Amino acid sequence: MKLWGGRFTKETDALVNQFNASLPFDRRFYKQDIQGSIAHVTMLAKQHILTDEDRDVIIEGLNAILEDLNSGALQFDDGAEDIHSFVEAQLIERIGEPGKRLHTGRSRNDQVALDMKLYTRDEIDGMFILLKDLLTAILDIMEKNTETFMPGFTHLQKAQPVTLAHHMGAYFEMFKRDCLRLKDIRKRMNFCPLGSGALAGTTYPLDREYTAQLLGFDGPTLNSMDGVSDRDYLIEFLSAMSTIMMHLSRFSEEIIIWNSNEYRFIDLDDDYSTGSSIMTQKKNPDIAELVRGKTGRVYGALMGLLTTMKGLPLAYNKDMQEDKELYFDALDTTKGCITLFTGMLKTMRFNKPAMEASAKNGFTNATDAADYLVGKGVPFRDAHGVVGALVLFCEQKGISLDEMTLEEYKAISPVFEEDIYEAISLKTCVEKRMTIGAPGPEMMKKVIEKEQEELLALKIQ
Ligand code: ARG
C-alpha cells in the first residue's frame, strides 16, 4: 500500500505543480518583468530602503539575465512556477544575498499586474502601427480609384452606383476608429499598479509616483485593491481586437464575394490564394476565409475573460492567471490577420471593366431616372411609378436603362427627352452625389486629402 501510496502522492504533486504553473505562458513578458524590477529597485534605493550598492548589483544581475534570455544562453526552466519566481531565483543564484532583497515591498500580485500592463501597452503600440499600415494601403487604393465605378449594395442587391474609392473609404473610417479606440484604451490604462503590494499597499515608504514615472505611466493607481485586481484594460483591448476582427471579417467577406466566378471584381495575387488538390480551375481566397474564421477565436477570448472575471471577489484571486493564454492567442491572431490582410490588399488587382459593367446592369441608376423626372416637374411618387415601368420593360427585353431608345422612353412617359441618357450615365449619377461623404469624385478628392492629414497626425500618444 505504501509503495503505491508514495508513488501516488508524488504523481499528484507533479500534476498540481503543472496545473498551478504559468511559466509556460507568462515567460512571454520576461522583458517587462525585468524592466519592472529595475524600476522597483531604483525607487527602493532612492527611498533608502535598499543601498545604492545593492541596487547596482541587482540591476547588473537583472540586465545579465535579460541578455542571456535574449540570446538564448539562458533557457526557461520549467521547474519554476512563474516568470517572477524564475527571474528572482536566477538572480539569487547569480548574485547571492542582494538578490534576496529584490522583492522588498512588493508582491507577485502587483508585480503581475504591472507586467501585464507593460506588456499590453507595448502590444497596443505595435497594433496601432499595423493598423496604420493598413490605413495607408486603403488610402492608396482610394487615391487611384475616385472614378472607378462599381455598384453599391443594400441587402446584397445592387442599389446605387458608387466608386471603388468610396467603398474603400468606408473601411478607412472603420479602421481609423479602431486606431482611436486603441489610443483611448492606452490612455485610460496608463496608471502604475506597482506598490499596491498583495492588496493593501506596504509599510515601506515607497515613492509610487517615482516608479510610475520611471516606467512611463501617467501616475500610480489610486486604490491598491483595484490595482492588483483590475483587468478591465484587457477586456477593453480584447473588445477592440474583436471589433478590428469584425471589420476585417466583413472586408474579407466582400473580397470572397468579389473573387467569386460570378463577380470577378478582383484578382488575388498568387501569393495570397491557394489551389485545389483536385479541381485545377480553382483559386481560393483562403487568407480572407481564414481571417473571417479566426474572428470567432478572438470573440471567444473576450467572452472567456469576461466570464473569468464576473464572479471574483476583491482582491487578487488565482483565477486571474487565466487572463493570459486566450489573450495571447487573440493578440497573435489579430496581429497576424491585420498583417496578412494588408499584404493581400496591397497585391490585389481590381477588374475595373467588370465593376463598371456590373454597375450598369443592375438598374443602379433607377433613382436617378426618377430624379430626372422630378426635375421636369413630375411628383416623386409618380416618377417612382414610371421608373418601375421602365425597369419592368428592360427586364423583359434583357437590356439596361441606357440601352432603351427614346421612342421606348416616350411610350412610357412623354416627359423623357434626349437628355435622359446623360442624366442616367454612371458618370453623372456618381458626379451628382457631391455632398460630404458621398461618392462624387470632386468631394471624394477633398475627403481623401482630409484623411491623409488625419492619418499623418494619428499618433498613439
Ligand atoms: N502567475 C500568477 C498570475 O498570473 C502571478 C501572481 C501570483 N500571485 C499569487 N498570489 N499566487 O496571476
Side-chain angles (χ1 to χ4, degrees), residues 13-41 62 65 69 76-92 99-100 102-123 189 191-204 206 211 215 220-221 223-238 301-302 304-332:
D13 280 344
L15 267 180
V16 168
N17 286 342
Q18 201 189 352
F19 190 72
N20 194 42
S22 54
L23 187 64
F25 44 89
D26 64 16
R27 61 173 66 171
R28 245 194 210 237
F29 47 69
Y30 72 90
K31 285 185 187 145
Q32 288 80 3
D33 190 78
I34 292 174
Q35 183 191 4
S37 290
I38 291 176
H40 183 61
V41 292
L62 287 170
I65 294 171
L69 284 173
F76 290 103
D77 149 30
D78 278 332
E81 187 186 331
D82 53 29
I83 186 63
H84 325 295
S85 340
F86 174 79
V87 172
E88 193 177 325
Q90 262 299 313
L91 187 70
I92 294 169
K100 296 184 190 165
L102 166 68
H103 210 52
T104 315
R106 185 174 75 171
S107 153
R108 274 186 302 166
N109 295 353
D110 58 349
Q111 189 178 358
V112 75
L114 172 72
D115 292 2
M116 278 296 266
K117 269 200 171 173
L118 289 174
Y119 180 78
T120 297
R121 210 172 60 178
D122 291 344
E123 289 292 335
M189 67 169 272
F191 294 92
C192 183
L194 196 64
S196 297
L199 79 162
T202 78
T203 52
Y204 296 96
L206 307 184
T211 317
L215 292 167
T221 51
N223 181 289
S224 59
M225 290 176 92
D226 179 60
V228 291
S229 66
D230 166 32
R231 298 293 181 272
D232 288 6
Y233 64 99
L234 293 179
I235 290 171
E236 287 189 38
F237 190 24
L238 280 168
L302 171 63
L305 186 56
L306 277 169
T307 311
T308 295
M309 294 302 292
K310 82 180 254 294
L312 297 191
L314 288 174
Y316 179 84
N317 298 272
K318 193 67 177 246
D319 313 45
M320 287 174 181
Q321 182 163 293
E322 286 297 310
D323 64 358
K324 294 177 187 63
E325 285 160 289
L326 288 179
Y327 165 62
F328 293 154
D329 180 72
L331 266 177
D332 294 343

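Please read all numbers here as calculations on a predicted model, not as lab measurements. Read the numbers this way: they start at 1 and go in the same order the structure lists the ligands and their atoms.
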Is it the case that Thr308 and Arg231 place a side-chain donor and acceptor less than 3.5 Å from each other?
no
**Asked** Cation-pi between Arg28 and Tyr119: NZ/CZ under 6.0 Å from ring centre and within 45° of the ring axis?
**Response** no
*Can you label the angle between the Tyr327 ring and the Phe237 ring as parallel, tilted or perpendicular, going by 30° and 60°?*
perpendicular
Taking every heavy atom of Leu314 against every heavy atom of Ser229, the minimum-distance pair comes out as CD2-OG, 3.4 Å
Between ligand 1 and the protein, give all atom pairs where both partners are nitrogen or oxygen and the distance is under 3.5 Å, as lines of names plus distance to 0.1 Å.
| from | atom 1 | to | atom 2 | distance (Å) |
| --- | --- | --- | --- | --- |
| ligand 1 | 1 (N) | Ser22 | OG | 3.0 |
| ligand 1 | 1 (N) | Gln321 | OE1 | 2.7 |
| ligand 1 | 4 (O) | Lys324 | NZ | 2.5 |
| ligand 1 | 8 (N) | Asn109 | OD1 | 2.9 |
| ligand 1 | 10 (N) | Asn109 | OD1 | 3.0 |
| ligand 1 | 12 (O) | Tyr316 | OH | 2.5 |

Self-check item: Within-4.5 Å side-chain heavy-atom neighbours: Leu302 and Ile235
Solution: yes
Answer whether the closest heavy-atom distance between the side chains of Lys117 and Cys192 falls below 4.5 Å. no
